[in-house]
Amino acid sequence: MLSWPALGAFMAVGLAPLAVMFVRLQEDPRAIAALMDERTLGLLGRTTLLGCGAALVALVIGLPFGFLVARTNVPGAAALRTLGVVPILVPPIMLAMTWTMVLDARGPLMCALILGFATFPLVSLFTSRAAERIDTRREEAARLIGGLPAVLSLNLQLVLPAALGGALLSFIVAINDFALPDYVSAVGRKFNVYAGEVFSTWQVDGKEARAVATALPLVALTLLAITPLLMLRRRDQLTTIDGDFEAPGRIQLGRWRSVATTFCVLVVAVAAILPIGRLAYEAGGGPRVFSGISIRRVAWLQGGGAAANAPAPTGSPAGGQDLSKAAREATVEKSQNAALLSAGLEPRAQPPAQVAPSAMRNRAVDLAAPEVAAAIAAREGDDVSDAGGGIPVFVGNLRAAFARAFELSRESLASSLLIALLTASICLPLALVLGHAVRRSRRGALLQVASLLPLVVPATLFGIGTIVLWNREFSARFYDSQGLVVLLFVGRFLGIAVLIVSGAIASYSVRLEESARLAGAGPIGRLFMVVAPGIWPTLVGTWIAIFALSIRELDAAVLVPAANDTAMFRVFNAVHFGRDDFVSALALLVIFSILLPGALWSLFFRARLRFLP
Amino acid sequence: MSRQPLSPSPSRLIPLLLTCTALAGCGREPDLVVRVSLDQIFSEELIREFEAQTGLDVKAQYDIEQTKTVGHVRAIIEEARTRPRTDVFWNNEIAQTIRLAELGLLQPYESPAAADVPATFKDPSALWVGFGARARVLIVNTDLVAAGQEPSGTLDLFDERWRGKCGIARPLTGTTLTHATALYQTMGEEWTAGFMNELVEANGKGQVQILESNGQAMKLVENGELSWAFTDTDDFNVARMDGSPVQRVYPDQVVAKGCLQRDGEPLGTLLIPNSIMLLADAPHPENAKRFIDWVLSKELEERLANSRSAQIPVRRDVPRPAHVGKIGDFRAMGVDYVTLGRTIGERTEALKEIFLR
């Protein structure tokens with residue numbers, strides 16, 4: 001009875017926007033058939049392969065990582081476990097930007113690798129939780145038979161279904177991503193994915209039915225992937241708990257401890273610390289501070305570019321300079337020194353005798369030219385980020401960049417936090433009711449799948465559906481307000497909350513609910529006063545997950561007027577024309593906002609958050 | 001310290017939270033609703049200034065690079081079907097503007113501020129006005145390309161000496177899509193289809209890099225990963241102001257091996273003006289006209305020229321800094337913008353067949 005109002009709310013905010021869009025398929029009966037051509041199927045095949053690759057990478061990293069930090073005596077396991085969640089909270093495109101700066105590799109393999117690293121927390125979360133629920137007596141039996149190898153073998157068999165469940169989620173994230181493959185395969189042979197087809201089809205008006213239809217293959221693929229996961233959950237095969245469960249202790253790894261520790265630290269370093277560290281480096285003006293790029297401004301201004309002053313590489317075709325990093329640096333170094341000398345300044349690295357050739361020095365330098373003056377002023381004036389100068393300047397820049405990012409984006413950050421707070425707080429009670437219905441009602445599986453639909457359709461489709469539904473006279477004020485953004489996010493993320501909460505309810509005893517009923521408790525009392533307190537770590541975990549997703553959401557929000565004021569919107573607006581230090585500082589502020597509730601919880605509460613039963 | 005189980009009363013919280021959300025929805029009706037696809041980093045300040053000058057409360061909806069104007073256009077079309085709420089659309093390109101005009105979603109307004117805008121940049125029916133343009137250019141890394149050895153035009157993409165070192169964004173979005181559509185119009189169907197196919201093949205052979213966006217093209221050249229690439233003047237200017245070793249080359253300006261030609265003349269480069277328009281059924285038409293007049297003023301066009309986006313004034317007498325080009329100092333592609341806007345949809349379909357496979 002209690003589930004009907006919640007179901008009604010979900011249908012209004014989650015399913016109705018989809019319904020108004022899918023009705024348009026009637027406008028062109030051939031829209032779906034038109035997708036079945038060789039090119040489209042080829043794109044789908046390639047996308048599936050990318051998803052499989054990403055899932056494999058996530059599995060290979062996430063399974064051992066999740067097990068090691070949850071069950072073994074790896075030092076700092078709790079901290080490593082927390083840090084291991086970070087990559088899934090950072091927008092994948094930010095990871096791509098960082099990784100392509102660090103590694104020279106590109107193409108489909110790099111796409112799969114980055115998506116695998118970005119989504120491995122999904123596997124490790126499932127693995128960790130499953131590993132914690134292995135009865136200690138089973139392990140003792142295995143230990144008596146075959147020692148540590150037998151224990152590990154037992155664990156592997158018991159956690160594998162859960163890990164595969166996480167890998168399926170990794171697959172789903174990977175096949176729906178468009179920006180990352182596009183960005184990573186920019187150099188080398190282009191690697192196209194199906195999500196690109198969806199995006200470009202939306203550009204052509206007059207073909208709305210076709211645009212809606214393009215979403216269907218991805219939806220089908222996603223549902224195909226999620227069905228085995230839901231079946232495993234339905235049969236309680238993702239948990240290994242027995243009736244008289246005895247929690248297991250930490251497994252002593254002996255001489256393998258150092259190897260395991262190195263692996264875990266490496267994973268966290270590469271997946272979490274490296275991207276955040278790189279952003280911090282950029283925020284401090286790293287490249288300029290440590291390479292003095294602003295001096296290149298002078299070099300460039302003094303007579304048509306650095307290359308004019310660099311000796312042509314022997315045997316290379318005209319214009320075809322050596323592109324190696326060392327050659328580039330050498331060329332730049334020479335031109336910088338030549339420019340500095342010509343401007344009457346000290347050369348940076350090499351002695352004047354090595355500065356070649358002299359043509360630039362002979363050229364008249366107009367020190368009053370605005371851009372030359374700006375370059376020199378930048379070197380000596382208050383714009384310290386352009387001055388070079390190492391760590392002290394770097395620290396000063398970092399503070400300045402954060403101060404500026406905070407000053408310019410304070411309102412956007414506050415707006416994002418408010419929207420995320422409201423979204424998570426509205427999702428939670430709805431998810432409790434619907435999650436309960438998923439586990440306890442006969443049509444729970446259907447409800448579970450339906451709740452995920454708003455999440456698996458392309459964000460553009462859901463955003464436009466929300467516009468169509470709510471841009472009416474009666475809701476005009478609401479449409480222009482942040483209330484619509486909250487509504488949009490609740491509709492889109494409620495399915496995730498239901499998925500998490502229903503898992504927790506599955507492990508909660510039905511008998512306790514029956515006892516409460518016999519004691520006279522109504523459905524509201526049973527759910528909120530009996531069930532909720534019993535699964536509260538999961539409820540807090542759910543709240544934090546929805547909060548994080550709401551802060552980082554952009555694709556659907558960009559269509560809705562009031563989402564202008566969110567911090568993610570501001571980050572992506574600044575990416576194009578903003579200075580790198582400002583953009584990086586702003587991105588770090590957003591990441592900090594995403595991580596804030598989880599960090600606060602870790603600081604002030606001993607209980608671990610739970611996202612899984 | 002022992003921990004007590006939480007005993008919240010979420011059932012009481014639901015009405016409270018719904019009330020909060022509803023209260024958040026009780027905003028004041030704005031005096032003007034504007035959609036802006038010129039980057040927020042430039043336009044937000046201008047709109048605040050307009051608010052300060054006029055005392056009007058402007059609700060502005062900005063764009064992001066990822067949606068390439070499509071988000072705005074889609075939203076305007078969908079809003080028009082249910083409840084028109086946008087008064088003015090300030091578009092940073094022209095093709096989508098024509099589409100809106102074709103759909104009957106614009107109303108004519110002859111702004112007095114646009115009287116001296118050349119006819120090329122105005123709709124004959126006064127449905128839209130173009131101003132502050134960008135041009136397609138080659139951004140060239142001067143650390144890697146010797147003076148006098150720069151590429152000169154579109155066909156240099158296939159020159160062996162630039163193997164793996166040159167690039168262009170995939171022409172499915174943004175100004176690269178507009179550029180490709182303009183090529184279909186000026187160079188003909190057959191030639192352009194052949195050129196686009198050759199581009200994909202050249203990418204497969206490692207000759208040309210097909211990039212995500214013009215912004216990425218700029219970054220890759222700036223960082224020295226590419227020697228040169230196609231981009232827009234605004235992206236070039238960002239790299240220039242960051243002190244990167246880059247120079248700008250207007251493509252297809254001379255009759256030469258690497259340049260496109262039509263009827264024995266160099267094709268020239270594509271100019272893409274900003275455009276501004278009054279939407280049909282605009283809820284606040286008078287305020288909208290005030291805003292359009294303000295945006296189309298010479299002062300504002302000058303400010304756009306002086307900004308980081310370095311927009312090229314379409315009026316020759318508008319002052320500009322030395323680094324901003326002047327129409328007439330370079331050859332612009334002779335393109336019919338109305339036809340360009342009308343055909344961009346079908347060209348997108350054709351280009352998708354070529355580039356998404």
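So you know, we letter chains A, B, ... as the sequences are listed, proteins then strands, and number each from 1.
Put simply, CD on Glu78(B) and CG on Asn471(A) are 9.5 Å apart, with the number rounded to the nearest 0.5 Å. Between the CD1 atom in Ile76(B) and the CD1 atom in Ile467(A) there is a gap of 10.5 Å [rounded to 0.5 Å]. The distance from the CZ atom of Arg83(B) to the CD atom of Glu473(A) is 6.0 Å, given to the nearest 0.5 Å. Here the NZ atom belonging to Lys352(B) is positioned 12.0 Å from the CG atom belonging to Asn192(A), to the nearest 0.5 angstrom. Atom OG1 of Thr40(A) sits about 7.0 Å away from atom CD of Glu353(B), to the nearest 0.5 Å.
Counting all heavy atoms, side chain and backbone alike, Gln216(B) lies closest to Tyr183(A) at NE2-O, 3.1 Å. The two atoms that bring Tyr62(B) and Phe569(A) nearest to each other are O-CZ, 3.2 Å, heavy atoms only.
Contact annotation for Glu44(B): only side-chain heavy atoms (C-beta onward) come within less than 4.5 Å of a heavy atom of chain A. The part of Arg81(B) that comes within reach of chain A is its side chain, from C-beta onward, which places non-hydrogen atoms under 4.5 angstrom from that chain. Leu351(B) does not touch chain A: none of its heavy atoms, backbone or side chain, sits under 4.5 Å away. For a residue to count as touching a neighbouring chain, one of its non-hydrogen atoms must lie under 4.5 Å from one of that chain's; by this rule Ala60(B) touches chain A with the backbone only. For a residue to count as touching a neighbouring chain, one of its non-hydrogen atoms must lie under 4.5 Å from one of that chain's; by this rule Thr423(A) does not touch chain B.
Contact count versus chain A (heavy atoms, under 4.5 Å) is highest, among Thr86(B), Asn203(B), Val33(B), for Asn203(B).
Glu45(B) CD: 12 or fewer foreign heavy atoms inside a 6.0 Å radius.
Checked by atom type and distance alone, the side chain of Arg39(A) pairs as donor or acceptor with a backbone atom of Leu356(B) at under 3.5 Å. Within the 3.5 Å criterion, the main-chain N or O of Glu38(A) finds no donor-acceptor partner in the side chain of Arg357(B).
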